[in-house]
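Every chain is numbered from 1 and lettered A, B, ... according to where its sequence line falls, protein lines coming before strand lines.
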Protein chains: 2
Amino acid sequence: MLEPAIKKGLRATGRRMTRTRQAVLALLERTHQPLSATEIFEQLHQEKVSIDLVTVYRTLHVLKELGLVVQLDLHQEGLLRYELKEGRTHHHHIRCQVCGRIVDLLLCPLKKVTKLIERQTQFIVDEHTLEFTGLCPECQ
Amino acid sequence: MLEPAIKKGLRATGRRMTRTRQAVLALLERTHQPLSATEIFEQLHQEKVSIDLVTVYRTLHVLKELGLVVQLDLHQEGLLRYELKEGRTHHHHIRCQVCGRIVDLLLCPLKKVTKLIERQTQFIVDEHTLEFTGLCPECQ
DNA sequence: TTCTTATTGCAAGTCTATTGCAAATAACAT
DNA sequence: ATGTTATTTGCAATAGACTTGCAATAAGAA
Ligand SMILES: [Mn+2]
Ligand SMILES: [Mn+2]
Ligand SMILES: [Zn+2]
Ligand SMILES: [Zn+2]
C-alpha cells in the first residue's frame, strides 16, 4: 500500500487524490508488467471501473511528473508503457517478440560506458535506454 | 556512389530504380545524420524534387527490406529514422536534448551482457537497442 | 514504340497521444 | 451541512506518424 505516500506527493503540488487516480495506481501496483495507457483503460473497464482513456493519459502524466512511475519507450512498440518506481531501482527490460511478455533485467552495464562516451564525444550524458528483444522460454 | 549495387538489389527482387528512389538514396548518402521520413520529404521539397510523403515511406520500407538502411527508433522521439548501412557496422547513438544533433557511437558494449541475459532469463536474445541522450558540446 | 507491371500520388483511414471546454467533484471555508 | 473555489473529468476535436486502396503514371522489356 503506497497510497499515503502518494497522496502526500499529490497534495504537496496542489493536486488531489481521486478515485480514478486510485484505480490507476492500484492496477499498476498489482500488475507486474509495464502497462500502456490503453491496457490500463481496458483492464479497468473490465473491472467495471468507469474511466476515460484521456483521464488515464493525464493520470500517467501526473504520476510521471511526481516521479512515481517510469515511462518506458520499448523498441518498435509505438506506444509508451509505465511501471511503478516503488522499490525498484534503475533497470532494463527484455520483451518476447512472439507473446509480448516483458521481463525485468536487474542490471545496468552502462556506468563505465557512459564515462567513456562522455570522454569521447564531449557530450554530458543524461539518460540512456537499453532494451532487448528475443524469444522467451515458452515461445522458443 | 552505391547506386549500381542498389540497382542490382532492386532488380533481383523484381523492383525498379526510379527517380524518387534515387533522390531518397542520394539524400541519405550525402547526409551524415539519420533522417526521418518527414525530414527527407521536406529536404527534397526544398531541393525542388517532386515526391509525395507516402512515397518516401514506401521507399524507406523497400530499402529496409533490401537491408540497405537501418531503421532507428530513438528514445522519446515518436518517429523512425533511417541511415544507410553502406560501410558502417553495428553501432549506437547519442542525441542532444537541446539541438537534436545525433552522433554515432562507434561501439557496442553488449556482447557479454547478451550472453549473461540469455543465461539468466532463458530468452534467446535477438536484438537490442541502446541509445544515449544528453547535451552536446555546443549546447552545454 | 508498345506492352506489361511496378510505382506513384492522392485521399482516406489507423493508432497513439494531446488539447479545449463545460460539467462534475474534491478540498476548504463558512 | 452548505456554499465556494479550484482541480479534475469526460467528451469531442485535433495532432502527428504511419498505412492502405485505387486509379493514373512511368520503368523496363520486347
Ligand atoms: Mn521493469
Ligand atoms: Mn549511425
Ligand atoms: Zn541503465
Ligand atoms: Zn549494440
Discussion item. Below the 4.0 Å mark, does D/dT9 have OP1 or OP2 next to a side-chain nitrogen or oxygen of A/Thr55?
Written reply: no
Discussion item. Quick one: does any side-chain atom of B/Arg21 pair with a main-chain N or O of B/Thr59 as donor and acceptor, under 3.5 Å?
Written reply: no
Discussion item. For the CD1 atom of B/Ile102 and the CD atom of B/Glu83, what is their distance to the nearest 0.5 Å?
Written reply: 9.0 Å
Worksheet item: Want to settle it: does B/Gly78 or A/Thr20 sit nearer the 5' end of DNA chain D, counting the closest nucleotide to each?
Response: A/Thr20
Worksheet item: Expressed in angstrom and rounded to an integer, what is the separation of A/Arg58 atom CZ from D/dT8 atom P?
Response: 10 Å
Discussion item. Out of the candidates A/Asp104, A/Thr133, A/Thr129, only one should pair with A/His93 under the side-chain hydrogen bond (donor to acceptor under 3.5 Å, both in side chains) rule; please name it.
Written reply: A/Asp104
Practice prompt. In whole angstrom, give the distance that lies between atom CZ of A/Phe41 and atom C1' of D/dT9.
Written response: 13 Å
Worksheet item: Are A/Arg11 and C/dC28 close enough that a side-chain N or O sits under 4.0 Å from OP1 or OP2?
Response: yes
Response to the item:
Here the distance between atom C1' of D/dC18 and atom CD of B/Glu77, to the nearest Å, is 15 Å
Worksheet item: Base, sugar-phosphate alone, or nothing: which one does A/Ile51 contact when heavy atoms must sit under 4.0 Å apart?
Response: sugar-phosphate
Worksheet item: D/dC18 phosphate, OP1 or OP2: any side-chain N/O from B/Tyr57 under 4.0 angstrom?
Response: yes
Worksheet entry | D/dT8 phosphate, OP1 or OP2, under 4.0 Å from A/Arg21 side-chain N/O | yes
Item to complete: For B/Arg19, report the nucleic acid contact type (base, sugar-phosphate, nothing); a contact means any heavy atom under 4.0 Å.
Response: sugar-phosphate
Item to complete: Decide if the gap between the ring center of A/His45 and the ring center of A/Phe41 is smaller than 6.0 angstrom.
Response: yes
Worksheet entry | Residue B/Leu79, side-chain heavy atoms: nucleotide from D/dA17, C/dT5, C/dC10 that is nearest | D/dA17
Worksheet item: Are the side chain of B/Arg95 and the backbone of B/Glu131 linked by a donor-acceptor contact shorter than 3.5 Å?
Response: no
Worksheet item: Under 4.0 Å between a side-chain N/O of B/Thr18 and OP1 or OP2 of C/dT8, yes or no?
Response: yes
Response to the item:
Rounded to whole Å, CD of A/Gln22 lies from P of C/dA26 at a distance of 10 Å
Worksheet item: CD of B/Gln76 versus C1' of D/dG16: gap in Å, rounded?
Response: 16 Å
Item to complete: Could you tell me whether B/Leu53 contacts a base, only the sugar-phosphate backbone, or nothing, with contacts defined as non-hydrogen atoms closer than 4.0 Å?
Response: nothing
Worksheet item: In whole Å, what is the span from the CG atom of A/Asp52 to the C1' atom of C/dT19?
Response: 13 Å
Worksheet item: If you look at every strand shown and take non-hydrogen atoms under 4.0 Å, does A/Ser50 touch a base, only sugar-phosphate, or nothing?
Response: sugar-phosphate
Practice prompt. Please check if the side chain of A/Gln22 supplies one atom and the backbone of A/Met17 the other of a donor-acceptor pair under 3.5 Å.
Written response: no
Fill in: d(CD, B/Glu65; P, C/dT7) in whole Å
11 Å
Worksheet item: Ignoring hydrogens and angles, does a donor from either the side chain of B/Arg16 or the base of C/dT5 sit under 3.5 Å from an acceptor on the other?
Response: yes
Worksheet item: Base, sugar-phosphate, or nothing for A/Arg15, non-hydrogen atoms under 4.0 angstrom?
Response: sugar-phosphate
Discussion item. Without decimals, in angstroms, what is the distance between B/Met17 CE and D/dA26 C1'?
Written reply: 15 Å
